[in-house]
J.: 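Structure provided below as structure tokens; questions to follow.
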There are 2 protein chains.
Amino acid sequence: MEEFAAVSGISRPTVSKYFHDPESVRASTRARIEEALAKYDYRPNIYAINQNRQLTKNIGIVVPYLADPFFAEIVRRIERRCIDAGYSPTLFSSHGEQALENQILDGLRSLKPAGVLLAALGRASDRQEIEKFCRDVPTILFDSNLDGIGEAFVGSDNFSFVSQSVDYLTRSGEPPIFVEMATPANPNARKRRTAYVTKMEGLGLEPHIVQLPGEGWAFEEIGYQGTMKLLKDGNLPTNTILCSNDRLAIGVLSACYESGLKVGQDPSCDLRVAGHDDHPFARYTCPSLTTVAHDYDSVSNRSVELLFELIDNGGRFEQRSEVLFASRLILRGSA
Amino acid sequence: MEEFAAVSGISRPTVSKYFHDPESVRASTRARIEEALAKYDYRPNIYAINQNRQLTKNIGIVVPYLADPFFAEIVRRIERRCIDAGYSPTLFSSHGEQALENQILDGLRSLKPAGVLLAALGRASDRQEIEKFCRDVPTILFDSNLDGIGEAFVGSDNFSFVSQSVDYLTRSGEPPIFVEMATPANPNARKRRTAYVTKMEGLGLEPHIVQLPGEGWAFEEIGYQGTMKLLKDGNLPTNTILCSNDRLAIGVLSACYESGLKVGQDPSCDLRVAGHDDHPFARYTCPSLTTVAHDYDSVSNRSVELLFELIDNGGRFEQRSEVLFASRLILRGSA
DNA sequence: GCAATTTCTTTACGCGAGTAAAAATTTTAT
DNA sequence: ATAAAATTTTTACTCGCGTAAAGAAATTGC
């Protein structure tokens, strides 16, 4: 920077000021610096810049499983907004593993980020570690809530999801059974189950839950295998299946197709299947999947906005808040 | 570090040495440092560490579109291997935009990474910028090749893909037409088209290519809309469709289903559809998709290995190499 | 045109490490 | 036990930048 300042004919402190905020120097000065910049393509050493900062312009984004298109999609929006606001987002995926999640948080601490947007693994998370991390780094949780952890939570209202799907399904045909994984990784799954029970009872109907065996993030496979077995055993008490999430539903649809069952709302159909999340590919299943959509835009926007607020507020909120966005029923061919 | 060295009873230079490589200090010294480490949880400032390095332990991973499960999957493997080798991988997605790709490369330059694994946008890439970047930063291209750019390329052999699918399809039924996007973003698409023509001609058959209109990364939608129109116009010269990639095929399958066409190899079926890539969800389409699989493991492993070699070699290879892995036909229900 | 204000320049120090060189200490080999 | 070898300590300098203070220069207001 010394050298660059010399060739641009400006003092180093002023150049330093320019890089911190180009608007903070006089227009004529700025012009001269930018002129020199065009000629010598100097760039400040970000490591030197950040060395003495307790907070950088970095933002950490952590998701449990990036190969899940749901997270890929939401991350895409969040990233964009961070960049537009002048931050440098860094993306991490826990790949479904607690050890990796902890490792990521540990590395994140060293990055001294201005803030972190964390979608935790959920059940598989090391609650203590996350709690400790949140004490050190301003963190907003999204999608996956951990009670009392983080400065705020932004996500979708699971009751809204299930309420709408159950309402629609009962109104238009037989009441649904609820299909989920036996040991769901994500806290939303548990909330959806509870919501299903509550909702059904509210309608004076008997809830019926089917738990498919399997762990991990291979939801489609679990849905597929589970449904094959279910169909073979032939103990479906209804013709309507509501899946905890769309990826499970994709597996269910696949099993139905292979078993020669026709899925759809038509009277000639054997089954109706619906899901939750409005997974990016749900539109292209056969038949296309009736589901309930996250308000992707609101969740990602509000998460980022809250994080910026948090950063402006020095990294702490007086009170932890939870924002839940309502979902939207998407009627398609499968139910 | 000064303070930490004091409380651990070891001199600062030795502590510094320890963090650079714990094996480089005597066992007794290491023990004392680690003992102190457990008590005071000090961690070196990565910014200070990297400030005077011309090369860090960072590795940049850049993909064109992370919301595409193909990339999500391959990145998952690459990331893991980098971490295991003691590097810090950082993930970037160009989200299909040239401007963002350039911006990412620019940011990457500042990160002074030991190496970069780059899957470029392809047609949408700013060739010059990438070339310039590769001169500054040791870079291995993967998946998407740009002639002469980067120190090496690792990818799948597109001819192997198409050769296998065409062979199988012609052997088992009518020869396929080839469905692709009109202006494919990815260089592999062009190679696959050429391979199709070559292969068909080699078999003494007339190639027939259908180009679906549409741009960007919404492949399923393009496949869906294009097929709907194709079916309406009713000018399919054969009952066998070979798609340039699986995501397109997912859209095709969806359109077929909606149009009441039965897809499969059974004589009672109207159409056969196959794809390429073995997309993570191809197993769960209805019917499940016959496709040709990347050798995910080899591609990701070899990319990483080559990058490590490149790093050890000081960032340059004497000669640019191109490694292509053969693919594997996956027979499923759709063809 | 002159004072008040704003912006720059000069000078100097600090940050948290890496690292080189020489001296001191510990370990190993004989 | 002693010499040789390996490791650690001491000391001191470097890197690239942030930033504070004081004074100089340029701009603005009237």
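First the proteins, then the strands, lettered A, B, ... as listed; each starts at 1.
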J.: Examine the base of C:dG16 for any acceptor or donor lying under 3.5 Å from a partner atom in the side chain of B:Glu2, and report the outcome as yes or no.
T.: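 Absent.
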
J.: Relative to the 5' end of DNA chain C, which residue comes earlier, A:Asn52 or A:Val15, by the nucleotide with the nearest heavy atom?
T.: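 Of the two residues, A:Val15 wins.
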
J.: Could you check which residues of residues 23-33 of chain B get a heavy atom under 4.0 Å from DNA chain D? Sort them by number, please.
T.: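 When residues 23-33 of chain B is checked for heavy atoms under 4.0 Å from DNA chain D, the hits, listed by number, are B:Val25, B:Arg26, B:Thr29.
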
J.: Using distance only, find each side-chain donor-acceptor pair of residues 66-74 of chain B under 3.5 Å and give its atom names and separation, not counting sequence neighbours.
T.:
from    : atom 1 : to       : atom 2 : distance (Å)
B:Asp68 : OD1    : B:Phe70  : N      : 2.9
B:Asp68 : OD2    : B:Arg247 : NH1    : 2.8
B:Glu73 : OE2    : B:Arg76  : NH2    : 2.9
B:Glu73 : OE2    : B:Arg77  : NE     : 3.4
B:Glu73 : OE2    : B:Arg77  : NH2    : 3.2

J.: Measure from CD on B:Glu3 to C1' on C:dA17 and round the result to the nearest Å.
T.: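 That distance rounds to 14 Å.
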
J.: Are B:Arg302 and B:Glu305 ion-paired here, with the side-chain N under 4.0 Å from a carboxylate O?
T.: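 So B:Arg302 pairs with B:Glu305 through a salt bridge.
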
J.: What residues in residues 35-50 of chain B put a non-hydrogen atom under 4.0 Å from any atom of DNA chain C?
T.: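 Result for residues 35-50 of chain B: B:Tyr42, B:Pro44, B:Asn45, B:Ala48, B:Ile49, sorted by number.
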
J.: Check the pair B:Glu3 / B:Arg12 against salt bridge (Lys or Arg N to Asp or Glu O under 4.0 Å), numbers first and verdict last.
T.: CA-CA 9 Å; B:Glu3 294 174 39; B:Arg12 194 178 66 74; over 6 Å; no

J.: Sequence neighbours excluded, which residues qualify as side chain to side chain contact (heavy atoms under 4.5 Å, CB included) partners of B:Arg43?
T.: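 Side chain to side chain contact (heavy atoms under 4.5 Å, CB included) list for B:Arg43, sorted by chain: A:Asp106, A:Arg109, A:Ser110, B:Asp41.
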
J.: Ignoring hydrogens and angles, tell me if any N or O in the side chain of A:Glu151 forms a donor-acceptor pair with the backbone of A:Thr139 under 3.5 Å.
T.: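 Side chain of A:Glu151 to backbone of A:Thr139: no pair is present.
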
J.: Return the set of residues passing side chain to side chain contact (heavy atoms under 4.5 Å, CB included) with A:Ser125 (not counting sequence neighbours), or none when no residue passes.
T.: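 Expected list: A:Glu101, A:Ala120, A:Leu121, A:Ile130.
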
J.: Please identify each residue that fulfils side chain to side chain contact (heavy atoms under 4.5 Å, CB included) with B:Arg320, with sequence neighbours left out.
T.: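 Counting only residues at least two positions away or on another chain, B:Arg320 forms a side chain to side chain contact (heavy atoms under 4.5 Å, CB included) with B:Leu141, B:Asn145, B:Phe153, B:Glu322.
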
J.: Under 3.5 Å, which N/O atoms of the protein pair with N/O atoms of nucleotides 19-23 of chain C?
T.:
from   : atom 1 : to      : atom 2 : distance (Å)
C:dT19 : O4     : B:Arg12 : NH2    : 3.3

J.: Classify the ring geometry of B:Phe4 against B:Tyr42: parallel below 30°, tilted from 30° to 60°, perpendicular beyond 60°.
T.: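 Aromatic pair B:Phe4/B:Tyr42 classed parallel.
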
J.: CG of B:Leu307 to CG of B:Leu118: how many Å apart, nearest 0.5 Å?
T.: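 One gets 11.5 Å once the value is rounded to the nearest 0.5 Å.
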
J.: Considering only heavy atoms of chain B and a distance under 4.0 Å, specify the first and last nucleotide of DNA chain D in 5' to 3' order that meet this criterion.
T.: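 The contact span of chain B on DNA chain D goes from D:dT7 to D:dG16.
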
J.: Can a side chain N or O of A:Ser11 be found less than 4.0 Å away from OP1 or OP2 on C:dT9?
T.: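 For A:Ser11, the contact criterion (side-chain N or O under 4.0 Å from OP1 or OP2 of C:dT9) is met.
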
J.: How long is the span from the CD1 atom in A:Ile10 to the OG atom in A:Ser16, to the nearest 0.5 Å?
T.: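 Answer for the CD1-OG pair, A:Ile10 versus A:Ser16, is 13.0 Å.
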
J.: By side chain to side chain contact (heavy atoms under 4.5 Å, CB included), which residues pair with A:Asp312, not counting sequence neighbours?
T.: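 With neighbours one apart ignored, the set is empty.
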
J.: If you restrict it to nitrogen or oxygen atoms, what contacts under 3.5 Å exist between nucleotides 2-5 of chain C and the protein, and what is each distance?
T.:
none

J.: Can you list the residues that meet the ring pair (Phe, Tyr, Trp, His ring centres under 6.0 Å) rule with A:Tyr18, with sequence neighbours excluded?
T.: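 Testing A:Tyr18 for ring pair (Phe, Tyr, Trp, His ring centres under 6.0 Å), a comparison that skips the adjacent residues, returns none.
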
J.: In whole angstroms, how far is the P atom of C:dG18 from the NZ atom of B:Lys112?
T.: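 In whole Å, C:dG18 P lies 13 Å from B:Lys112 NZ.
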
J.: For the atom pair CD1 (B:Ile59) and CZ (B:Arg81), what is the distance rounded to the nearest 0.5 Å?
T.: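 Rounded to the nearest 0.5 Å, the CD1-CZ separation comes to 10.5 Å.
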
J.: Determine, for B:Arg30 against B:Glu34, whether the closest basic-nitrogen to carboxylate-oxygen distance falls under 4.0 angstrom.
T.: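 Salt bridge flag = no for B:Glu34 with B:Arg30.
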
J.: Taking ring pair (Phe, Tyr, Trp, His ring centres under 6.0 Å) as the definition, give me every residue that meets it alongside A:Phe325, ordered by chain and number, with sequence neighbours left out.
T.: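 Counting only residues at least two positions away or on another chain, A:Phe325 forms no ring pair (Phe, Tyr, Trp, His ring centres under 6.0 Å).
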
